[in-house]
*Asks:* 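Here it is, the structure, as structure tokens.
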Amino acid sequence: MKFFLDTANIEYIREAASLGLIEGVTTNPSLISKEDKPFKDIIQEICKIVNGPISAEVTASDSKGMIEEALKLSEIHENVVIKVPITKDGLKAVKELSTKGVKTNVTLIFSATQALLAAKAGASYVSPFVGRLDDISTEGMNLVAEIQQIYRNYLFETEVIIASIRNPVHVLQSALMGADIATVPYDVLMKLIDHPLTNIGIENFLRDWKKVENKEI
Ligand code: G3P
């Protein structure tokens, strides 16, 4: 399973990249709004740090506007993937962009049939939002299983990015399901490293190490 980082924060991206864990980055307008830098500069900087797919989202609501924005964003770097919401105009834009060879990530997916349409339109990636489904008492990971089944049935090459991940259990479930990609917020990534027994183990080793007289290596 590939790990993408779900953030537009450059420091988080640098830190996660230094761990060798990050193979791509996903952003959205809300994540961009948290940073105090121009959109284009943020995407440019991310592309310098991570050599993998970097999702940048269009904000126009009509297909013509989406395509115009997408083409400008694609000029920033060859790794830029255009994030497009699943709407009628979004699908038109994805179809057009895929014929032009521009990679797309169809976002705000909340049903398996939306994911089916996105794949048929030629999406490179789809992003089901599992956490937001959990928020309304619907099992988000069930959606992922349905999408995986449909894509297997028809051999779609569209990759599934599990998005709106809120906790380590989402990551565990994603990996157990053989997900293509999990896009994780920085705090969730850090939680994956931590375990209280690891910390207690280190403390005990260091306490005992003090008793060793000759520590030379
Ligand atoms: O990349 C979009 C997605 O991951 C949003 O997550 O937590 O705002 O539902 P969240």
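Remember, it's 1-based here, ligands and their atoms both numbered in the order they're listed.
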*Asks:* For the pair Ser74 (side chain) and Ala70 (backbone), establish whether a donor and an acceptor sit closer than 3.5 Å, ignoring hydrogens and angles.
*Replies:* yes
*Asks:* Mark up the atoms of ligand 1 that fall under 4.0 Å of a heavy atom belonging to Lys83, in ascending order.
*Replies:* 1 (O), 2 (C)
*Asks:* Looking at Ala163, which atoms of ligand 1 are within less than 4.0 Å of one of its heavy atoms?
*Replies:* 4 (O)
*Asks:* Please write down residue, atom name and distance for the protein heavy atom closest to atom 6 (O) of ligand 1.
*Replies:* Ser164 CA, 3.3 Å
*Asks:* At what distance is the nearest protein heavy atom to atom 7 (O) of ligand 1, and which residue and atom is it?
*Replies:*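 Looking only at protein heavy atoms, the one closest to atom 7 (O) of ligand 1 is Arg166 NE, 3.0 Å.
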*Asks:* Considering non-hydrogen atoms of the protein only, which is the closest contact for atom 1 (O) of ligand 1, and what is the distance?
*Replies:*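 Its nearest protein heavy-atom neighbour is Asp6 OD1, 2.8 Å.
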*Asks:* How far is atom 2 (C) of ligand 1 from its nearest protein heavy atom, and which residue and atom is that?
*Replies:*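 The closest one turns out to be Asn28 ND2, 3.2 Å.
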*Asks:* What atoms of ligand 1 come within less than 4.0 Å of a heavy atom belonging to Arg132?
*Replies:*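 The atoms of ligand 1 under 4.0 Å from a heavy atom of Arg132 are 5 (C), 8 (O), 9 (O), 10 (P).
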*Asks:* Run the salt-bridge test on Asp135 and Arg166 with the 4.0 Å N-O cut-off and return the result as yes or no.
*Replies:*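 Yes, Asp135 and Arg166 are salt-bridged.
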*Asks:* Classify the ring geometry of Phe129 against Phe110: parallel below 30°, tilted from 30° to 60°, perpendicular beyond 60°.
*Replies:* perpendicular
*Asks:* Run the side chain to side chain contact (heavy atoms under 4.5 Å, CB included) check on Met141 and Ser174 step by step: do they pass?
*Replies:* CA-CA 8 Å; Met141 295 309 289; Ser174 304; 3.6 Å; yes
*Asks:* Before giving the answer on side chain to side chain donor-acceptor pair (under 3.5 Å), spell out for Ser55 and Thr26 the whole-Å C-alpha distance, their side-chain angles and the decisive distance to 0.1 Å.
*Replies:* CA-CA 5 Å; Ser55 288; Thr26 50; 6.0 Å; no
*Asks:* With a 4.0 Å cut-off on N to O distance, would you call Glu78 and Lys103 a salt bridge?
*Replies:* no
